[in-house]
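Please read the structure below before turning to the comments.
A, B, ... follow the sequence lines: proteins, then strands. Residue 1 opens every chain.
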Amino acid sequence: MSRATSTWAHLLGACVFALFGVCAALPAQQITVHGTVTTETSEPIPLAEVTVKGTTIGARTNTKGEFTLSVPDANATLVVSRLGFARREVPLNGQSAIAVQLVANAVALDSMVVVGYGSQKRSDVTGSVTSIDSTKLQHSASNNLAQSLQGAMPGVTVTENTSSASGDSTSIQIRGQRSILASNSPLIIVDGIPYGGSLSDINQSDVASIQVLKDASAAAIYGSRGSNGVILITTKKGGGGKPQIAYQGSAGTQEIAHMPQLMNGAQFAAFKCQQLNGGTDCNSALTATELTNLQAGNSTDWVGLATRTGVQQQHNLSVSGGTNGTSYYVAGSLLDVQGVAKNDDFKRYAIRVNLDQDVKSWIKLGTNTQLSLTDRGGIPASFSDAFFMNPLTNAKNPDGTLTVTPWPEDVFWNNPLQNLLAVNSDMSHQVFTSNYLQVDFPFLKGLSYRFNGGINYNGRDEGTYYGRNTLTGAKVEGLATTINTTSYDWTAENILRYTRTFGLHSLDLTTLYSAAADNLNGNELQSQGFPNDVLTYYQANVGALLTPSYVVSDSRMISQMARLNYGYADRYLLTLTARRDGSSVFGVNNKYGTFPSIAAGWNITNEPFWHLPTVNALKLRLSYGKNGNQAISPYQTLARLGTDSYLSGGQSAPGYIPDSLGNPNLKWETTTTANVGLDFGLWQDRVHGSLDLYHAVTSDLLLNRLISPVAGITSIAENIGKTQNKGIEFELSGVILQHGSFSWNTDFNIAANRNKILDLYGNGQNDVLNQWFIGQPINVNYGYKMIGIWQQGDDIAHSAQPTAQPGYVKILDANGDGQITPADMVFIGNPNPSYTAGLTNTVHYKRFTLSAFLRSVQGVTRVNTLLGTNLTQEGVRRNTIERQFWTPEDPINTYPSNVDQDASNQLGVLFYQDASFIRLQDLSLSYELPVSWIGRLNAESLRLYVDGRNLWTHTAWTGLDPELNSQTAIPQTRVIIGGIDVRF
Amino acid sequence: MFGSNRKNHRWINRLIAAGVVIAMGIPLSSCKSDFLTESPPHIIVPDNLYTDYAGFEAGLNGLYAQVRSERDGDSGLNGLRNEMWTVGTDNAFSNYVSTTERIFNTWGPLNTSLADAYLSNWTWLYQTINAANTIIVRADNPNVNWTPDQKNEVLAEAKLIRAWCYRHLTYLWGDVPLNLVESSGATIRTDWTRTPKAQVFAQMEQDLLFAEANLPETQSDPGKLVKAVAQHYLAELYLRMGEPDKAETEASAVINSGLYSLITQRYGVTANAPGVPFMDQFVDGNVNRNQGNTEVLWAFQLQENIPGGGENIMRRYWLNRYYSDKGIAVSAANGGRGIGRLSPTAWAINLYEPSDDRGSIYAIRKFYLYNDPTNLPSGKQIGDTLFLRWVTEKNSDPLWPSTRKWDWTDPLNVNNDGAYGDQPYLRLAQTYLLLAEAQFDRNELGAAANTLNVLRARANASQIGAGDVTADFILDEDSRETMCEGDRRYTLLRMGKWLERTRLHNPMAAANVAARDTLYPIPQAVIDANLGAAMAQNPGY
């Protein structure tokens, strides 16, 4: 180089260096950073947390995804995180305006997960936790939170027991059934406070996320209530910035999905005549009413009269926003469902206020409060009556009113529609509030104290009146029932937490001391014998017979818990937890229980030796621990007397007799679980998922040990018995195709659980009466097995059923001894599924989104009660479903001949069917209007959608529905709704 | 910004933080040690109840309510409890059958240890025994607040009812476990043994003798037990024990006490209605001693629409389905609504002389009058008669005669299911029959004839002589007197004639009954629960 250029170069270098030095030497200058946080498709992400790395300075994005932050150092790094998205660190490099894009991923290892008493990065979680994407809840056609969880997470089984407008009757089971008598329902925590109410009282659109804690380590922090798993529900919080208004509304219809075919009048008459006298004399087999209706061609479709097209509508209006130090989310909602059964109505009005306020920079307090009013008034017709009511009887009188007794010759039967005439009011009002105060001690970095206080108050008032226009009322001259129940639960928790990072080590210690109480007080008054029906249930003071009763239930708990999370270099993780619970329901000798657990995790991809770029995340988890199931009802450990009164001189003489034995040793059920899990991510989390294997043994099961009736009391509750559950769960999510404005995502989950009773009463013996067998699942199909129908020409005389005739049920002689005795009962199929699976496919194209969710339950065999031969009662007084009978001309092998079941099926053998199914649970299509169109409305976004639930089912089951408990209840529904989602 | 202000700031902050923590701790420091103790305000436990006379009386009321349920269903309106010892005999069969009734026609494969009705009755009897034991054992607590007389009266009632339970158990199952202690959760037995009948009889005798000595002769409360009941049951027990002389003494004590006499005149609420004296004593309003009934020894108290009022399904089960026929509607005059599960056999209906009140149209329904204008068959008018037939027994026969002893309707609802009228449970006529049996056993045929003649005279039946008195005749007279009412099976078993006479007079069961059926099978659940010692089943099962 020439001397001139080199001098110039040196000068430049020196200037640059000096500039650099100057920059470095300059004191950290505070700058104000404005930014936006969006998804990869440029949609704003509200409520994202933006913090300055290494400090506690932070802010949240508003509903437009914008944030403003005073950053002390222009070269600091911002950490942007949001539940459901991968965390990102963004160096500022002096910029004061940045745009951050986050990758949406509910299970990506870098996202945040709520784990109970706090949240962790998913990569730090050592237990088995699964989550549901909140957008899935948003636009579901189901009204009930529990229904929206169906099939969405592996290992979480949600079963609809009865179809209803409110969706109240669903049961949730996590990883199979552990308890035989006690509840298998998981603990539900809403905003940190245990929630004992009905899930149908929580407004779905207020829910931000749901996490489910499945294994011992994750649930260990909940000690004596964690055995059945824990469901954590977090509601939406406000964001910083100008208030944003959002409205979401939908309306739609419900139809009956499937109804088995009942006999009509003519078919019933033929069936009855054939059975009673071989079809020779119909006139004497049928009563006068039946004959009249048959000849007139009348046939009453009772189920048809009890049902209608259902209608539902939902409206949610929310305002959220905040200023410095305050964020709020206020929402009001209305849900109005008229179910497919007449009079099955459900209305819910709710208001939610979520408020977070910084009192000082290191003191924060907040509240999450919901007030709701629910109206469940109206009693639907009795479907079990309507299914079987004789079609040749009269539903209505000539003047159009419902008959009191549809069948004058048989006044035992009431009108199945009589509930439609009952006066019923059922209102409940609820307050659920979870409040906190958090102190981040300024003088000791990493130490914080948090107080959680929650109250769940529920008051329910019901009044029912059956008047003389119903048989129930006519028999007793008016029957009135009023029930008032108040329940009041409170929880107070003190949580002390210390987090510290020393070099490569990170430490997170949480300790808890809490007290809680559940209190239920109810009184019921049943009265009958009134002068008239005018005052309905307000006339107990003139009733002839009054029967009051009380329900009182009070239980209290004191707990201590400690949890230590230790991590080394983001690679090795260890969690130790111990919880000690004392509860008032436990027997005097066993008031306290301790539940420890240990878990370890290994982030393999963070190891220096990992060189497989395809696999960007791989974590191995192991956990082992104990949880409890409280199981015992209050007062169950005490010996009690029951009421049995007599008369003295025509007046009541109160009386008591001993009716239960006390047991001071009763305690909780314990589940010991071992879990091995693997979380993985491939191609930068384009495909990610996890695999879990678990083995759980539940001991000290609460069982009613049958004792000899010679004692006068036939059972006593004891902790005996052991069950086992083991299984495998797998979930996988992936982006199958992404090309321009077209993308296709898939979520898949599958789980299999095997349940087994290991021991019952400590003596290796089975309980045949209750159908509990050692080595078999808790629920089994056990009975005589039908292997066909006796045909003409079979050698009946030398068979095990020598008195049978052709056309009778042929029973398996399991032990080959030539007789049919109770020893020939066998296990028939399995009522528990071999596996359950769910598959969601979502396709985006430009502004359209199409999503389909399929759910599958396979391997279930159940009794189809509708096929029973004993349904019609002696004299063929009740209807049954259409079916084919064995006749000599048509010798089928599946169903006996049309004679009295005392002959054809004397032992009452049941009919089993495959109840496996694949169901198109949800199908939705939505369209996002272009900004240019909606600009005129001053709206930011507007989405229209159509959603269908339970549109199609593939199953071999011929009953009402393969999933519902009762086959003679309100039918399963198919729902189609249309809705709109607007943000201003 | 820096300096002393900041230091003060920090100090104040620390103070606030500490204050917050302390304030939060205060409510929790009130965790008393009894925070976890349960004390339900609405549940009563034995230690709270059996502390004074009123408490023991409440316990006795529970016992009476249990005894009264003998004539109620074992599950709501289904399965009349006392079927097991009234039907499947020479004078009663099952007409409209359901699960339980079927057994007493078919016997054989249906008479098994798995029958629900057997376990239900076994459990009910032992539950009553446990309640009685609780009273008897706790009565000895010196801290109870009562007088010695009150104590003995309570013990007498409890012991009588306990003996009453063992009476049923020994007749039905033979040797049964003898349980005399209060059951408790701390000591659960799985090694019960079947105590030989003779030992159970000894305990029953002891209990009944105590009751005889300590019960008053009369009680102002019409439902309460009196001395005569103890004496009656003692008489029966002595017959079973093969001591007819003692039986004769006890039975005579009742008959000659001067307190009781057979109803021979019309009286009470039905005095002026068409009828016979024999039937007056079954009508609600006539049943109790203080209503003029001089024959009743023990009456069940019932009342509609009142707590403790009980329920009774005798009419429901014994009254036939006459309304199945066109033109005849349920009415109070027709006795109410029954479902005809149990019916008297043709032989029993035909056992009466034409003059015998107990077989008259006032005692047995032998015809109905058409009373439903909406539904008359062609050629019939209101008031025409439909005669019932009783030639051959069969199932589901709506036109078979019924007893009128249990007729009862609620005037505002003739269709109702239960009955709520008082009912005589034990009456003097049955004591007369025990006396006749004792005299027969002692070969005092003349005295026996005289005893039976008293009953027959009341009923306007002809008088008999000593030569007519045979075991069969006494049993015939018992059927005439207590048809559809008493414990027919027990009487037949006691005289060793159940199998023979059921074969002879009950065509539905004749071909099916066997020797083993003289004892019912011990319920399987009882045998299965006895893990500590194998409990033997009755022979033939």
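Residue B/L60 does not touch chain A at all, counting heavy-atom pairs closer than 4.5 Å. Using a 4.5 Å cut-off between heavy atoms, A/V585 contacts chain B through both its backbone and its side chain. With a 4.5 Å cut-off on non-hydrogen atoms, B/I306 touches chain A through its backbone and its side chain both. If you measure heavy-atom distances from A/L496 to chain B, you find no contacts under 4.5 Å at all. Only the side chain of B/L119 comes within less than 4.5 Å of a heavy atom in chain A; its backbone stays farther off. The contact between B/T134 and chain A is made entirely by side chain atoms (from C-beta outward), counting heavy-atom distances below 4.5 Å. At a 4.5 Å heavy-atom cutoff, the contact between B/V97 and chain A is made by backbone atoms alone. Residue B/Q66 touches chain A through both its backbone and its side chain, counting heavy-atom pairs closer than 4.5 Å. Neither the backbone nor the side chain of B/L125 comes within less than 4.5 Å of any heavy atom in chain A.
Expressed to the nearest 0.5 Å, how far CG of A/N766 lies from CG of B/D528 amounts to 11.0 Å. With values rounded to the nearest 0.5 angstrom, B/D34 atom CG is found 8.5 Å from A/R556 atom CZ. Rounded to the nearest 0.5 angstrom, A/S652 OG and B/Q303 CD are separated by 9.0 Å. Rounded to the nearest 0.5 angstrom, B/L49 CG and A/Y656 OH are separated by 7.0 Å. Between the CE atom of A/M557 and the CZ atom of B/F35 there is a distance of 10.0 Å, given to the nearest 0.5 Å. Rounding to the nearest 0.5 Å gives a distance of 8.0 Å between OG of B/S324 and CG of A/D410.
Tested against B/I188 for a side chain to side chain contact (heavy atoms under 4.5 Å, CB included), the candidates A/I716, A/I713, A/N663 yield a single pass: A/I716.
Among all heavy-atom pairs drawn from A/G649 and B/D221, the shortest one is N-OD1, 3.9 Å. When all heavy atoms of B/N413 and A/A474 are compared, the pair lying nearest together is ND2-O, 3.9 Å. A/I657 and B/L63 make their closest contact through CG2-N, 4.4 Å (heavy atoms, listed as atom of the first residue, atom of the second, distance). A/P822 approaches B/L114 most closely through the heavy-atom pair CG-CD1, 3.9 Å. The two residues A/P709 and B/V526 come nearest to each other via the heavy atoms CG-CG2, 3.8 Å.
Of the listed residues (B/R189, B/R68, B/E57), the one with the most heavy-atom contacts under 4.5 Å to chain A is B/R68. Among A/E409, A/E718, A/E477, A/Q528, the residue with the largest count of heavy-atom pairs under 4.5 Å with chain B is A/E477. For the set B/A58, B/A529, B/S98, the entry with the most heavy-atom pairs within less than 4.5 Å of chain A is B/A58. Note on B/D47, B/N130, B/N305: by heavy-atom pairs under 4.5 Å with chain A, the leading option is B/N305. Looking only at heavy-atom pairs under 4.5 Å with chain A, the residue among B/A131, B/P307, B/S183, B/P177 that has the most is B/P307. Contact count against chain A (heavy-atom pairs under 4.5 Å) is highest for B/S184 among B/P222, B/G223, B/S184, B/G310. Note: B/I44 leads B/I43, B/I44, B/N415, B/T374 in heavy-atom pairs under 4.5 Å with chain A.
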Using the side chain to side chain contact (heavy atoms under 4.5 Å, CB included) rule, take B/W122 and A/V710 through it: C-alpha gap first, then chi angles, then the decisive distance, then the call.
CA-CA 8 Å; B/W122 177 287; A/V710 177; 3.8 Å; yes

Applying side chain to side chain contact (heavy atoms under 4.5 Å, CB included), run through A/S708 and B/T190 and close with a yes or a no.
CA-CA 7 Å; A/S708 179; B/T190 53; over 6 Å; no

If you apply the rule side chain to side chain contact (heavy atoms under 4.5 Å, CB included), what do you find for A/D554 with B/E38, and how did you get there?
CA-CA 8 Å; A/D554 187 64; B/E38 288 186 312; over 6 Å; no

Using the rule given for side chain to side chain contact (heavy atoms under 4.5 Å, CB included), can you reason through A/T714 versus B/Q127, listing the C-alpha separation, both sets of side-chain angles and the distance that settles it, and then say yes or no?
CA-CA 9 Å; A/T714 50; B/Q127 191 176 27; over 6 Å; no

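A donor-acceptor contact shorter than 3.5 Å is absent between the side chain of A/S584 and the backbone of B/L36.
In this structure, the salt bridge (charged side-chain N to carboxylate O under 4.0 Å, His left out) partners of B/D417, at least two apart in sequence or on a different chain, are A/K475, B/R316, B/R337. Remark: A/Y436 pairs with no residue by the ring pair (Phe, Tyr, Trp, His ring centres under 6.0 Å) rule, at least two apart or across chains. Every ring pair (Phe, Tyr, Trp, His ring centres under 6.0 Å) that A/Y635 has, sequence neighbours left out, goes to B/H42.
Within 6.0 Å of the CD atom in A/Q906, the count of heavy atoms belonging to other residues, nucleotides or ligands does not exceed 12. Shown here is B/D116, whose CG atom has no more than 12 heavy atoms of other residues, nucleotides or ligands within 6.0 Å.
Within residues 640-647 of chain A, the residues having any heavy atom under 4.5 Å from a heavy atom of chain B are, by residue number, A/R640, A/L641, A/D644, A/S645, A/Y646, A/L647.
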